[in-house]
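As the structure is a prediction and not an experimental result, all values here were calculated from the model.
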Amino acid sequence: MMGAAAGLATGLVASESQAQRQAPAARAPRPAPPPTSPATTPLGPLDTTARHAMIVDYDTGAILLEKAADDRMPPSSMSKLMTMYVVFELLKNGRLRLDQQLPVSERAWRMGGSKMFVEVGSSISVENLARGVIVQSGNDACIVLAEGISGSETQFAELMNETARRIGLRDSTFRNATGWPDPEHRMSCRDLVHLARRIIHDFPEYYSYYNERSFRWNDISQENRNPALSRVAGADGLKTGHTDEAGYGLTASAIRGGRRLILVVNGLPSMRARAEESERLFEWAFREFENVVVFRAADTVEEVPVYLGDRATVPLVAGRDLVLTLPRQWRRNLEVRVRYDAPVPAPVSKGQGIGTLLIGGQGVPEMNVPLIAGADVDRLGLLPRIPAVVGRWFGG
């Protein structure tokens, strides 16, 4: 369930048919759970009215809550997170500029649903279009970006699928840039969590757009639809969604005391239910769980004896900050043990795996964390080795 902090870990495909062949294969269909069925958590079942839900700690990847998290569901406008991931990536690698002007086609102008209210024949900067997508959920702005980047929305959807595969989305298939209803346009809660983590990690210079509360375009001011921004302390993104088939959904993130959580809910019956349920689940997750620092990256866990080395011991370290997300009530039961074979024969290379940290305790799921050498230890020369070998023979 819980892991230590880990590093997170563009061209077009040739044709729509090729994109369909290469899109992630759908898993066997499963019946959707009833909206009133509980979610699974480390603390036991938790009732939620969401049909699909997931909460994850951003730093450790610990899953705090999940319900039908791998079901391929209609993501509606939450799939605009993928649209913007593609845009942000092009901006970061220099293939697109924030001040670059993109033309508005008649198709974009006529696009239905939520709108930025673009004007046909005009040109709009990429930055304003991004704000129109993120703050106003403008379907028309998505079309302008898609056509400006790839020539058509169909080709842009191919780029979305290619990018999704590359960054590790396993249960997502995109057929448009907006989340407009399509029987093949699908994502899972787990993929939405992963995508949100990638946006926050990969594009910190653009993530602040998701915290803008309103945006005015064409003399029309619209408020950000994300209810968490006004209801949840520390919330700073990301995106809502709604269609008749999907119900009301939200992908959101909030940070408190340096600890960030990501929440995804979908299939809620109303805007009010979405706002209240997302707030309730955020408050539950922040209240019931904490991040525990077991060791820092350079902390010496233990000094391990070295045989025939130019130093007697080698420090055993984790090599990275070892942080666990645990229910607060589990901390007093946490047990940590170290396992290694000693002495370690020289030479020893820094970073070489030489031990394991065993974490467990009453009620705490068992975990094994590799430990590594924190320094190089050279092998003794021939003459200095003789007394060491003789001493080992007689001393045992």
Side-chain angles (χ1 to χ4, degrees), residues 1-9 41-43 54-66 167-168 190 193-194 196-198 200-202 204 253 255-262 285-286 288-379:
M1 176 197 69
M2 286 159 279
L8 295 175
T41 85
L43 297 171
M54 193 171 198
I55 303 177
V56 169
D57 185 281
Y58 170 81
D59 288 312
T60 67
I63 299 169
L64 312 187
L65 176 149
E66 62 178 315
I167 66 174
R190 198 177 306 276
V193 166
H194 181 71
R197 290 181 77 191
R198 289 295 301 256
I200 295 167
H201 178 270
D202 295 353
S253 183
I255 185 168
R256 297 182 191 174
R259 178 173 167 235
R260 179 181 289 281
L261 301 181
I262 296 174
F286 276 115
E288 297 294 336
F289 294 84
E290 64 177 337
N291 283 358
V292 178
V293 179
V294 181
F295 290 104
R296 293 296 182 189
D299 287 349
T300 298
V301 177
E302 189 138 329
E303 289 284 348
V304 179
V306 178
Y307 178 55
L308 299 183
D310 63 356
R311 52 183 289 179
T313 63
V314 61
L316 195 60
V317 301
R320 52 187 168 83
D321 288 351
L322 180 54
V323 184
L324 304 180
T325 301
L326 297 173
R328 294 184 187 276
Q329 65 198 51
W330 288 4
R331 183 176 187 137
R332 61 181 179 270
N333 299 327
L334 188 65
E335 297 176 359
V336 180
R337 294 176 293 136
V338 180
R339 177 183 294 163
Y340 56 86
D341 292 328
V344 178
V348 180
S349 300
K350 184 176 181 179
Q352 176 182 332
I354 55 174
T356 304
L357 193 69
L358 307 175
I359 300 171
Q362 184 178 358
V364 181
E366 292 187 359
M367 298 175 54
N368 296 334
V369 180
L371 296 174
I372 61 176
D376 292 322
V377 180
D378 291 332
R379 187 177 174 86

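Side chain of Asp321 to backbone of Ala297: a donor-acceptor contact under 3.5 angstrom is found. In this structure, the side chain of Ser253 engages the main chain of Leu261 through a donor-acceptor pair within 3.5 Å. His194 places a side-chain N or O within 3.5 Å of a backbone atom of Ile167 that can act as its donor or acceptor partner.
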- Query: side-chain contact (heavy atoms from CB on, under 4.5 Å) between Ile372 and Val317: does it pass, once the steps are laid out?
  - Reply: CA-CA 5 Å; Ile372 61 176; Val317 301; 3.7 Å; yes
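Taken to the nearest 0.5 Å, the CG atom of Asn368 stands 5.0 Å off from the CG atom of Leu358. A distance of 12.0 Å separates CG of Leu65 from CD of Glu288, quoted to the nearest 0.5 Å. Atoms CG and CD, on Leu316 and Glu303 in that order, are 9.0 Å from each other to the nearest 0.5 Å. Note that CD of Gln329 and CZ of Phe289 are 9.0 Å apart. Values are rounded to the nearest 0.5 Å. Rounding to the nearest 0.5 Å gives a distance of 11.5 Å between CG of Asp310 and CZ of Arg379. Note: Asp59 CG to His201 NE2 = 10.0 Å, rounded to the nearest 0.5 Å.
The closest side-chain heavy-atom distance from Leu357 to Phe295 is below 4.5 Å. At a threshold of 4.5 Å between non-hydrogen side-chain atoms, the residues Leu371 and Ile354 do not count as touching. You'll find the side chain of Leu324 stays beyond 4.5 Å of the side chain of Thr60, heavy atoms only. Using a 4.5 Å heavy-atom threshold, the side chains of Val323 and Arg259 count as separate. The side-chain heavy atoms of Val344 and Val377, taken from C-beta on, include no pair separated by under 4.5 Å.
Closest non-hydrogen pair, Asp376 versus Lys350, comes out as OD1-N, 2.6 Å. Val348 approaches Val306 most closely through the heavy-atom pair CG2-CG1, 4.4 Å. For Glu66 against Ile63, the heavy-atom pair with the smallest separation is OE2-CG2, 3.9 Å. Pairing each heavy atom of Trp330 with each of Pro42, the nearest pair is CZ2-O, 3.6 Å. Among all heavy-atom pairs drawn from Val292 and Leu334, the shortest one is CG1-CD2, 4.4 Å. The minimum heavy-atom distance linking Gly355 with Tyr340 is given by the pair CA-CB, 4.0 Å.
Defined by atom type and a distance below 3.5 Å, a donor-acceptor pair is present between the side-chain atoms of Thr325 and Asn291.
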